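Only one structure is covered here, and it is reproduced in the block below.
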Amino acid sequence: MLNNVYLQLWQPFKNKAPKPMTYKSLVFLILLLASKWLFAQDALSNYLLFQPQEITQSEPVAIPLSQIASLQDHLSVFMEDIATGKHQIQTTTGVFNLCLQLDSNLSGFDAYHIEINPMNIALSAKNLNALRYGKQTLWQLLEYAKTQNKPLQTITITDWANFEKRGYMLDISRDKVPTMQSLYQLIDQLAQWRINELQLYTEHTFAYRNHPVVWEHASPLTASEIQELDSYCLKKGIDLAPNQNSFGHMENWLKHDAYLELSECETDCETKWGAKSRTALSPVNPKSFELMQELYAELLPNFSSSYANIGGDETLELGLGKSKALCDSIGKGQVYLDFLKKLNAEVIKNGKRTQFWGDIVLNHPELIKDIPKNMTALVWGYDATYPFDENLVEFHKADLDFYVCPGTSSWRSEIGRNHNGFINLKEAAIAGKKYEAKGYLITDWGDYGHFQPKSVSYPTLVLGANYAWNYSENTVNNLENLLNRYVFKDTTGYTAKALLTLGDAYLKAEIPEGNANAFHLMIRRFKWTMQGHYQTKHLNKAGLLAAQKDIEKGLEELQNAKPTSVDGKTIITEMKQASKLALFGIQLGLARLDAKNKATKNISKRKRQELAHQLSAIIETHKTTWLLRNRPGGLQDSTKKLQDLVDYLKN
């Protein structure tokens, strides 16, 4: 390439007598040559969904433009085929050799090596997943050449993943349980995004034989459905790991009187989150462990995975109810760890290895050394400022396997909190690599009604998948292009532009960061004081109006979008619905700022009736939009949260 650039620069002077080159001229020429080479590298990188660890280009043309289309057509035929071998492809200018082979000696997780030389392409892959990833890169290189209408030069790529396990966890217990069709589409997408582990977070949404009262209104996954999904995941190179919370977050069980005696607090206990009851199992009641024994024995055999996530996070009531005496005696941390060890032994009995959320043991770092070495800690944190660097080192020193677990920042947002999510994903990738985390698990929660649609998570999920493979500072700058090209398939460019605009609109409200944005806070905290909350007390008209302007801008961009992906029409529909809900939150906030004591009940009756009418219409579209991807179970619970606000406004 450099030789070509040099000849182009020299052409105007070839018939003239050469003059001595000054030092400044020489520096200018070198910088010009370097900038042209870097531009070419950047142009090529824009077409690669994942940035390779190592890529070099050299001068000889390897694939003439006339061969690009036929090679891409041939490659497309067996993109999903995991067979290796040698292929001879007849093109207009001769026979092209394509060699695909496995080489277990390649260094790095899911490593592959590509060499593109004149009339030859060789792809070596460490395993079958690596073979898929290598073919994906080959196809995108050919797409680059075809779109740019230029030949492909000699290229060498050596690539591997920074993390052995690259996972995605979807909350299917906070109301939304996707349809099988939606789950199959998700698995297809994750395979394209080099995710090799999937978890479906479950509290009560598996159809346990002896416990129909718990799941009867939730449209749960059945054993046969799990087995079908597991089989499909295996074909796509994805490990479907069971995920059943087993200690805290058991309110969907304990709210039923048949399970009341298993509660740590049967009546309200004063926790750090206020008065709580019936959310955590009591570790001192033997029947708590017996329940989990039964659930594991029924759930875990449906999965081929070697792992099982038993949860164990946010056990808020522990030590405040039935276990108080024991916690006072030996320590709350020890009581927690002892119960966790019992659950671990049961998981092992069922042929799996235990994963667990690491937040509680981080409150008792002196106990981390006592965690069994066959357990894997999942270290989660979702704020941009979460101290991954500080917390991961504790598990690293204890020689435990651990994952670093950032999030999509989609929940409690309606339309996203991309800025927070982007930083959170970045910091997790950097710290995780530094401390040699086994995995990078992107979590996607559904707190309080799961109002945000799937589309809201696309930007953070795709960025996170990139960071799990190979963190690069340039990826976020190319994200809009990657989303439009490979996720939305939108040549107008407006789908990604709209989602990125909407996902950052919350910043204009200029309130402190937290686990929710201004739009959601207004909908969630309609009965509570604005002055008493660290975020809402900073709400002001100028900020809300600026956020509203950005949302309206995002909707205009969405109006021009033309996504042709399988779910293209659904993306448009659900993003419009989510934006309407966010705009409603702004309208409620503006009305409260004008009311006495900024209280919802003090908004004028006429305005309250107007807001109630607006939200009632949004609820109806919420119902229809929900069913585009999800089962009906959980919809009533989600809708009730909005209906409660309508009723409050009307009274």
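Computed from a predicted structure; not experimentally measured.
- Residue pairs meeting the ring-ring contact (aromatic ring centres under 6.0 Å, His included) criterion with at least one member in residues 416-441, sequence neighbours excluded, are F163-Y440, H396-Y435.
- Applying the salt bridge (Lys or Arg N to Asp or Glu O under 4.0 Å) rule to pairs touching residues 365-387 yields nothing, sequence neighbours excluded.
- In this structure Y336 satisfies the ring pair (Phe, Tyr, Trp, His ring centres under 6.0 Å) test together with F247, sequence neighbours excluded.
- Residue pairs meeting the salt bridge (Lys or Arg N to Asp or Glu O under 4.0 Å) criterion with at least one partner in residues 510-521, sequence neighbours excluded, are R417-E513.
- Applying the salt bridge (Lys or Arg N to Asp or Glu O under 4.0 Å) definition to pairs two or more places apart or across chains, those involving residues 471-483 are E480-K497.
- Taking the ring centroids of H520 and Y506, they lie at or beyond the 6.0 Å cut-off.
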Acceptor/donor pairs from residues 305-312 side chains to any protein atom, 3.5 angstrom cut, sequence neighbours excluded:
unit_1, atom_1, unit_2, atom_2, d
S305, OG, D239, OD1, 3.0
S305, OG, D239, OD2, 3.0
S305, OG, Y307, N, 3.0
S305, OG, Y307, O, 3.4
N309, OD1, G311, N, 2.8
N309, ND2, Q199, OE1, 2.9

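- With sequence neighbours left out, the ring pair (Phe, Tyr, Trp, His ring centres under 6.0 Å) criterion links Y403 to no other residue.
- Evaluation of the salt bridge (Lys or Arg N to Asp or Glu O under 4.0 Å) rule for E557 yields no partner, not counting sequence neighbours.
- When the side chain to side chain donor-acceptor pair (under 3.5 Å) test is applied to D444, the partners found at least two apart in sequence or on another chain are Y168, T408, S410, S457.
- Contacts of F303 classified as ring pair (Phe, Tyr, Trp, His ring centres under 6.0 Å), with partners at least two apart in sequence or in another chain: none.
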Return a table of donor-acceptor pairs under 3.5 angstrom between the side chains of residues 463-471 and protein atoms on other chains or two or more places apart.
unit_1, atom_1, unit_2, atom_2, d
N466, ND2, L49, O, 3.3
N466, ND2, V462, O, 3.1
W469, NE1, D159, OD1, 3.1
W469, NE1, D159, OD2, 3.1
W469, NE1, W160, O, 3.4
N470, ND2, Q51, O, 2.8

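- One finds no salt bridge joining D490 and R485 here, because no Lys/Arg side-chain nitrogen approaches an Asp/Glu carboxylate oxygen to under 4.0 Å.
- Listed by first then second residue, pairs satisfying salt bridge (Lys or Arg N to Asp or Glu O under 4.0 Å) with a partner in residues 447-464 read R174-D447, R412-D447, not counting sequence neighbours.
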